[in-house]
4 protein chains.
Amino acid sequence: MSKAERTKQFIVEKTAPIFNKKGYAGTSLNDMIEATGLTKGSIYGNFVNKDDVALAAFDFNLKKVDAVIRQEMATVNTYREKLLVYTKVYENFYEFPFPEGGCPVLNTAIEADDTHPELKKKAADAIIYWKEKVVRMIQKGIANNEFAANTDPEQVALTIIATIEGAVMITKLTGKLNYRRAIMKSIDRLIHDL
Amino acid sequence: MSKAERTKQFIVEKTAPIFNKKGYAGTSLNDMIEATGLTKGSIYGNFVNKDDVALAAFDFNLKKVDAVIRQEMATVNTYREKLLVYTKVYENFYEFPFPEGGCPVLNTAIEADDTHPELKKKAADAIIYWKEKVVRMIQKGIANNEFAANTDPEQVALTIIATIEGAVMITKLTGKLNYRRAIMKSIDRLIHDL
Amino acid sequence: MSKAERTKQFIVEKTAPIFNKKGYAGTSLNDMIEATGLTKGSIYGNFVNKDDVALAAFDFNLKKVDAVIRQEMATVNTYREKLLVYTKVYENFYEFPFPEGGCPVLNTAIEADDTHPELKKKAADAIIYWKEKVVRMIQKGIANNEFAANTDPEQVALTIIATIEGAVMITKLTGKLNYRRAIMKSIDRLIHDL
Amino acid sequence: MSKAERTKQFIVEKTAPIFNKKGYAGTSLNDMIEATGLTKGSIYGNFVNKDDVALAAFDFNLKKVDAVIRQEMATVNTYREKLLVYTKVYENFYEFPFPEGGCPVLNTAIEADDTHPELKKKAADAIIYWKEKVVRMIQKGIANNEFAANTDPEQVALTIIATIEGAVMITKLTGKLNYRRAIMKSIDRLIHDL
DNA sequence: AATGAATGAGCATTCATTCAT
DNA sequence: GATGAATGAATGCTCATTCAT
């Protein structure tokens, strides 16, 4: 990895939590120089503009989520258990190397949808990728006789994702962990009933 | 209503959709004077600062949602039908006088949670108020023998709310109306199975 | 004149000499706040951007030249004498309220031709307006039997203007006042021979 | 020519047209690295700073003009014909290897006179050198009985130069080639009448 | 009570230049 | 000798807020 690549990586690592917490518009260049200890020139030497950093930060945060999920899924065998990984992880953010500030897809979706088409696109792609992944797992589970044959994989996948994201929002907002536990239990029930 | 009160009301009405779309940080005083046709002095004469307007705009947007829900609920009789009003309304924003920019609780929750304690508080209160309202309806439905006696009202209420908000986010992000329909169908099923 | 109009006028008056000396690109916002004693916000409250000030400053400088020329022309009677006003004025900048930094048309023409289409347009219009004015005076002089009937008014007008501007450039560059005197004498001869 | 000398020459060749079009202040280091394909380090290894390149670029552009003039003058015999070379060349830039962006003396004179003493000095020297050259040709033409004995060589030289530069400015500004033709005809007449 | 001109800190970005490698 | 990452002052511009009128 060249010096430039290391610096880019460093900038992304240090700024990704800020973008995830304060949002794109709420994160200033000054926040970025403070977080990295670098100068403005150094940031602009490695990225073409703030957008460029924000986009890379989103990717970084997303990859972090993905890595946690993948790692946890690798430890279980059935598709039902794999689906249950989602609620397990999202119910216990802090026990995993999850991005500070919560779910980057949710955070980005809400800020970017009316204001930042590029970020919106990235968030939309992430949701669709996530949904497709869940759909495939359900399909395999059906083929495997784990799940009922009449299950609608897309409907189930979207419902799981929507409910998780809603739970994340509610918990972050109210600070009530038992709210999250209750909602996650509903999802677990849904998965058990497949 | 005094002249001052009418002006305040006018400012709130005109700016509320902007705050809901662009967010608190993304809405500038200039956006506000453009939307109202008033002068800066006039806005500052009626509100102490931008925060003050934003808070009032949130209340206004929330009341708009509440009015739609109440009105629809008044047209049905059973508690099951009343619960089904939520999916009906949230699946067809545009057919109701719903706030432009989507669900104000969701929008505000995500932006404000790490940055604006006062707005966060309002959004949290709204969620809790909403949850309590659903809880009470379920309790009454149980008392009424509409719903099974072993239903956990809070868990169901939170799950419904979380899933609706997740559906709103996903639909706005991806633009796929069939995604929303699929998720809302899951919620309707959940309500039917109570 | 409203307060805003007075401030605009004040900004133009104070910055016009700077634009004429340093050019559009060479004049910074800081130069402008220093020259006016105002703040950035005040300048941007009265002009939409730096361009807007530069365009107004050009007009101001041009009007200053025009006023001097008109005033001097009013004191003489024949068209020959009127034409001789140009050399008299351009040979003695400092005795007239002429814009600091020299001829604004020349200064603007050279900077703007490859870089700033709006300013270029203004300078081009000024040159064409100037030429038309001289053409009309020559035509009237011919009609009046002051000048030879076979004079080509446009050729003469353009030659006078080109030579004056060349003289201004050479004098400013070399600092040699006798160079200017020599060139102006050639123009005067040309006018006498019409 | 050493490697270093070749690189210097290469940088000057590639940047000279940019300085002539955009001016000293308007040409950035980035313009220079783009034009040359070299790195910043490479430019700073061969020149002490931007000034240093600008000065060399001016010399390069000037030499280019001079070469064209010399070459054309070599093809004719009388001093009158030699003087007429100026109008011929300046009337048909594009048929000669003339610097892109027009006359470098004029361009530099206007930008540098109030802002850049070193460049101003170079432009002033160029004008004086040019004038001296024309003066010498006229003196020889007088000695030769080509021109009238009472001709004032310096006045004529300065007038020719001023008028040419004015014509260049007017044409570039207005885009009217017939304006240039008319002015050049006046100069040709002046030369014929010597 | 309402105006709108003025404020000045803050914004993202570009600049010419340096210097460790 | 050449590289290119880093610098930090300077750029044009927007912001929420104030206050004399």
Side-chain angles (χ1 to χ4, degrees), chain A residues 2-8 10-11 24-33 36-54, chain B residues 2-4 7-8 24-33 38-54, chain C residues 2-8 10-11 24-33 36-54, chain D residues 2-4 7-8 24-33 38-54:
Chain A
S2 74
K3 180 114 188 280
E5 275 166 340
R6 265 183 287 128
T7 306
K8 280 191 82 155
F10 175 78
I11 292 169
Y24 170 77
T27 301
S28 74
L29 253 302
N30 275 347
D31 290 334
M32 295 164 68
I33 72 162
T36 56
L38 301 176
T39 60
K40 292 185 181 192
S42 177
I43 289 167
Y44 274 86
N46 288 287
F47 292 90
V48 331
N49 52 26
K50 199 179 96 169
D51 260 53
D52 198 14
V53 188
Chain B
S2 73
K3 175 126 190 272
T7 305
K8 282 191 81 157
Y24 170 76
T27 301
S28 72
L29 254 301
N30 275 348
D31 291 334
M32 294 163 66
I33 70 160
L38 300 177
T39 61
K40 291 188 181 187
S42 177
I43 289 168
Y44 273 86
N46 287 286
F47 292 91
V48 332
N49 54 24
K50 197 177 100 170
D51 261 52
D52 198 14
V53 188
Chain C
S2 75
K3 181 113 188 281
E5 276 166 339
R6 265 182 287 129
T7 307
K8 280 191 84 157
F10 175 77
I11 292 168
Y24 171 76
T27 301
S28 74
L29 252 304
N30 275 348
D31 290 334
M32 292 162 69
I33 72 162
T36 57
L38 300 176
T39 60
K40 290 186 185 191
S42 177
I43 289 167
Y44 274 86
N46 288 287
F47 292 90
V48 329
N49 53 25
K50 198 178 98 168
D51 260 54
D52 199 15
V53 188
Chain D
S2 74
K3 176 124 187 275
T7 305
K8 283 190 79 155
Y24 170 77
T27 301
S28 74
L29 253 301
N30 275 348
D31 290 334
M32 294 163 67
I33 72 161
L38 300 176
T39 61
K40 290 188 183 189
S42 176
I43 289 167
Y44 273 85
N46 288 286
F47 293 90
V48 330
N49 54 23
K50 197 177 99 169
D51 261 52
D52 198 14
V53 187

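Below, all heavy atoms of this structure are taken into account, side chains as well, without hydrogens, waters or symmetry copies. Residue numbers begin at 1 in each chain, while the letters A, B, ... track the order of the sequences.
- Whole-Å rounding puts the D/Asp51 CG to E/dT17 P distance at 7 Å.
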Report task. Step by step, work out the side chain to side chain donor-acceptor pair (under 3.5 Å) result for D/Asn49 and D/Tyr44. Result -> CA-CA 6 Å; D/Asn49 54 23; D/Tyr44 273 85; over 6 Å; no
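- For C/Lys40 and B/Lys40, each mapped to the nucleotide of DNA chain F holding its nearest heavy atom, the one lying further toward the 5' end belongs to C/Lys40.
- C/Thr39 has no side-chain polar atom (N or O) that falls below the 4.0 Å cut-off from OP1 or OP2 of E/dA6.
- The CG atom of D/Leu38 sits 13 Å away from the C1' atom of F/dG1 (whole-angstrom rounding).
- The shortest distance between the side-chain N/O atoms of A/Tyr44 and the OP1/OP2 oxygens of E/dT14 is not below 4.0 Å.
- With rounding to whole Å, B/Phe47 atom CZ is found 16 Å from F/dT18 atom P.
- Between B/Asn49 and the phosphate of F/dT18, there is no side-chain N or O to OP1/OP2 separation shorter than 4.0 Å.
- Looking at the side chain of D/Ser28, the nearest of the listed nucleotides E/dC15, E/dA6, F/dA6 is E/dC15.
- If you measure from atom CG of B/Leu29 to atom C1' of F/dT17, you get 8 Å, rounded to the nearest angstrom.
- Annotation: of the two residues near DNA chain E, B/Asn46 and A/Thr27, the 5′-most nearest-nucleotide partner is B/Asn46.
- A/Thr36 places a side-chain N or O within donor-acceptor distance of the main-chain N or O of A/Met32, the cut-off being under 3.5 Å.
- Not one N or O on the side chain of D/Asp31 forms a donor-acceptor pair closer than 3.5 Å with the backbone of D/Thr27.
- Side-chain atoms of A/Ser42 lie closest to F/dT7 of the nucleotides E/dA12, F/dT7, F/dG12.
- Contact annotation: C/Lys50 side-chain N/O to F/dG12 OP1/OP2 distance is under 4.0 Å.
- Going from atom CZ of C/Phe10 over to atom C1' of E/dA5 covers 14 Å, rounded to whole Å.
- The separation between D/Ile43 atom CD1 and F/dG1 atom P is 17 Å, rounded to whole Å.
- Rounded to whole angstrom, the span from the CE atom of C/Met32 across to the P atom of F/dT11 amounts to 12 Å.
- Comparing atom distances between the B/Asn30 side chain and each of E/dA12, E/dA5, F/dC15 picks out F/dC15 as nearest.
- Remark: F/dG12 base-pairs with E/dC11. Criterion, Watson-Crick or G-U wobble with two distances under 3.5 Å.
- Distance alone, capped at 3.5 Å, is enough to place a donor-acceptor pair between the A/Lys50 side chain and the A/Tyr24 backbone.
- Applying the Watson-Crick and G-U wobble criteria (two distances, each under 3.5 Å), F/dA20 pairs with E/dT3.
- Nearest heavy atom pair, residue B/Thr7 against residue B/Ser42, reads CG2-OG, 4.3 Å.
- Test D/Asn46, D/Val53, D/Ile43 against D/Lys8 for side-chain contact (heavy atoms from CB on, under 4.5 Å) and you get one pass: D/Asn46.
- Residue C/Thr7 has a polar side-chain atom (N or O) positioned under 4.0 Å from OP1 or OP2 of E/dA6.
- Take the nearest nucleotide of DNA chain F for C/Val48 and for D/Gly45: the residue whose nucleotide is more 5' is D/Gly45.
- Atom CD1 in C/Ile33 sits about 11 Å away from atom P in E/dA9, given to the nearest Å.
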